[in-house]
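First the proteins, then the strands, lettered A, B, ... as listed; each starts at 1.
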Protein chains: 2
Amino acid sequence: MSTKAQYDAFLAVCPSRQLLARISDKWVVLILCALGGDAQDGTGVPTPMRYSGLSRLLAGVSQKMLTQTLRSLERDGLLTRSVTPTVPVTVTYELTALGRSLHQMTRGLRSWAQQNMDEVFTHREEYDTRVSS
Amino acid sequence: MSTKAQYDAFLAVCPSRQLLARISDKWVVLILCALGGDAQDGTGVPTPMRYSGLSRLLAGVSQKMLTQTLRSLERDGLLTRSVTPTVPVTVTYELTALGRSLHQMTRGLRSWAQQNMDEVFTHREEYDTRVSS
DNA sequence: CTGTATCCACTGCGATACTG
DNA sequence: CAGTATCGCAGTGGATACAG
């Protein structure tokens with residue numbers, strides 16, 4: 001780790017920029033929320049889910065994007081993909097320890113949102129009326 | 001596109017969905033980190049910055065995107081834009097209390113990235129060799 | 001059930017030129 | 001210095017059809 005201490009997200013070439021790219025992915029955070037158990041009760045107990053379950057929960061996601069996003073998260077070691085050779089085949093996705101640690105970050109974002117989005121919306125309305133006038 | 005009931009249900013337990021639009025923005029997190037003072041010493045002491053300063057710090061950002069992102073953050077009440085009528089004009093951006101509270105979340109993301117991206121890259125290499133073999 | 005493959009509309013975003 | 005305006009394309013992502 002010759003350069004780890006020098007990671008600087010402000011630099012264009014910095015690898016940590018890629019984390020931001022990952023977070024920016026349209027479905028990544030929602031998938032982390034789903035597998036993190038946020039959909040059940042908000043307690044955030046990690047919950048393995050099947051492809052069809054995710055597809056149902058994230059209604060509106062296309063097959064292409066769901067598969068593509070799950071693959072990239074698996075590639076990054078954030079979740080595991082387990083195939084059970086039943087008929088038809090059963091595939092289960094589950095967060096890894098790394099994935100759960102990232103999920104803690106996204107949970108923080110979510111709690112921030114729950115507490116502050118109202119204020120954000122208020123600011124937006126105020127700004128829009130101020131600008132249009 | 002169509003607003004299905006289950007999609008809404010998931011949003012109900014994952015209200016950060018609207019926050020995600022903000023966070024997903026390519027430059028939002030870096031701007032919050034910059035104005036949050038992360039660029040100086042990592043202590044996270046909020047630091048007002050000028051347009052040109054931000055432009056220099058955020059390597060690779062275009063004028064268009066910097067201006068556009070700053071405007072949307074101002075609209076959301078996350079930062080303030082102060083114009084000082086010098087010649088030439090001086091514009092200073094500064095986090096609001098709301099912006100600083102969100103910055104605490106983004107600091108978590110950034111530190112997660114700087115601590116865990118090495119592991120992510122290791123997983124990627126392993127995955128790629130496993131797939132190509 | 002769990003995907004792959006292909007087409008293509010839309011847009012995010014950089015590049016460039018111009019302005020108060 | 002701090003923007004605004006416009007163009008163009010590469011990439012995102014939805015729709016659709018096919019498959020193990």
Side-chain angles (χ1 to χ4, degrees), chain A residues 10-13 17-31 34-35 48-76 79-94 127 131-132, chain B residues 1-4 6-7 10 17-18 20-31 34-35 48-75 79-94 127 130-132:
Chain A
F10 292 114
L11 300 177
V13 296
R17 279 265 180 108
Q18 300 190 26
L19 185 266
L20 298 181
R22 175 123 321 294
I23 294 294
S24 296
D25 200 286
K26 186 172 182 180
W27 300 103
V28 161
V29 174
L30 287 179
I31 288 178
L35 294 178
M49 292 188 69
R50 306 201 13 210
Y51 182 90
S52 53
L54 287 167
S55 184
R56 238 176 292 115
L57 186 60
L58 306 180
V61 69
S62 63
Q63 283 190 330
K64 175 187 172 181
M65 290 315 298
L66 181 54
T67 300
Q68 182 175 302
T69 308
L70 287 169
R71 284 289 187 282
S72 68
L73 291 175
E74 181 194 7
R75 178 170 179 257
D76 287 354
L79 56 78
T80 57
R81 177 176 179 269
S82 309
V83 179
T84 307
T86 53
V87 178
V89 70
T90 300
V91 180
T92 303
Y93 294 92
E94 188 170 3
Y127 182 93
V131 168
S132 64
Chain B
M1 196 70 180
S2 59
T3 54
K4 300 178 182 178
Q6 288 184 323
Y7 187 46
F10 183 65
R17 182 67 180 84
Q18 329 230 338
L20 295 186
R22 234 23 3 279
I23 295 298
S24 295
D25 199 285
K26 186 174 180 179
W27 301 102
V28 162
V29 173
L30 289 178
I31 288 178
L35 294 178
M49 292 187 70
R50 302 187 33 196
Y51 183 90
S52 53
L54 287 167
S55 184
R56 239 175 291 114
L57 185 59
L58 305 184
V61 69
S62 63
Q63 282 190 332
K64 175 185 173 181
M65 290 316 298
L66 181 55
T67 300
Q68 183 175 302
T69 307
L70 287 169
R71 285 289 187 281
S72 66
L73 291 175
E74 181 194 7
R75 177 171 180 258
L79 56 78
T80 58
R81 176 175 178 272
S82 309
V83 180
T84 307
T86 52
V87 178
V89 70
T90 300
V91 179
T92 303
Y93 294 91
E94 187 170 4
Y127 182 92
R130 189 180 353 126
V131 168
S132 64

How far apart are the C-alpha atoms of B/L30 and A/R17, what are their side-chain angles, what is the distance that settles it, and do they pass the side chain to side chain contact (heavy atoms under 4.5 Å, CB included) test?
CA-CA 9 Å; B/L30 289 178; A/R17 279 265 180 108; 3.1 Å; yes
Supply the atom-to-atom distance B/Q18 CD to B/I23 CD1, rounded to the nearest 0.5 angstrom.
13.5 Å
Which residues share a side-chain contact (heavy atoms from CB on, under 4.5 Å) with B/L66, sequence neighbours left out:
B/I31, B/Y51, B/L54, B/S55, B/L58, B/V61, B/L70
First locate atom CE of B/M49, then atom CZ of B/R56, and finally report the distance between them rounded to the nearest 0.5 Å.
7.5 Å
Distance check, rounded to the nearest 0.5 Å: B/L35 atom CG versus B/L79 atom CG?
6.0 Å
Using OP1 and OP2 only, check whether a side-chain N or O of A/R50 sits under 4.0 Å from C/dC1.
no
Any B/Y93 side-chain N or O less than 4.0 Å from OP1/OP2 of D/dC1
no
Residues pairing under side chain to side chain donor-acceptor pair (under 3.5 Å) where one sits in residues 82-94 of chain A, two or more places apart or in two chains, turn out to be A/R81-A/Y93, A/T86-A/T90
Nearest-Å distance, CG (B/L70) to P (D/dC1)?
16 Å
Side-chain N or O of B/R81 less than 4.0 angstrom from OP1 or OP2 on D/dA2?
no
What one should report as the nearest heavy-atom pair of B/S24 and A/S24 is O-OG, 2.9 Å
The side chain of B/V89 lies closest to which of these nucleotides: D/dC1, D/dG3, C/dT2?
D/dC1
Between atom CE in B/M49 and atom C1' in D/dC1, what is the gap in whole Å?
15 Å
Does C/dT2 have its OP1 or OP2 closer than 4.0 Å to a side-chain nitrogen or oxygen of A/S52?
yes
If you look only at pairs with a residue in residues 62-75 of chain B, which of them pass as a salt bridge (charged side-chain N to carboxylate O under 4.0 Å, His left out), with sequence neighbours excluded?
A/D128-B/R75
Short N/O separations, protein against nucleotides 13-19 of chain C, under 3.5 angstrom:
unit_1	atom_1	unit_2	atom_2	d
C/dC13	N4	B/K64	NZ	3.0
C/dG14	OP1	B/K26	NZ	3.2
C/dG14	OP2	B/S62	OG	2.9
C/dG14	O6	B/K64	NZ	2.7

By side-chain hydrogen bond (donor to acceptor under 3.5 Å, both in side chains) - contacts of B/S72 (at least two apart)
B/R22
Axis-to-axis angle across the helix from C/dC1-D/dG20 to C/dG20-D/dC1, five pairs each end, nearest 10 degrees, ~ 50°
Do the side-chain N or O atoms of A/R71 get closer than 4.0 angstrom to the phosphate oxygens (OP1, OP2) of C/dG3?
yes
Atom CG of B/L20 and atom C1' of D/dT12 are separated, to the nearest Å, by 17 Å
In whole Å, what is the span from the CG atom of B/L66 to the C1' atom of D/dG3?
10 Å
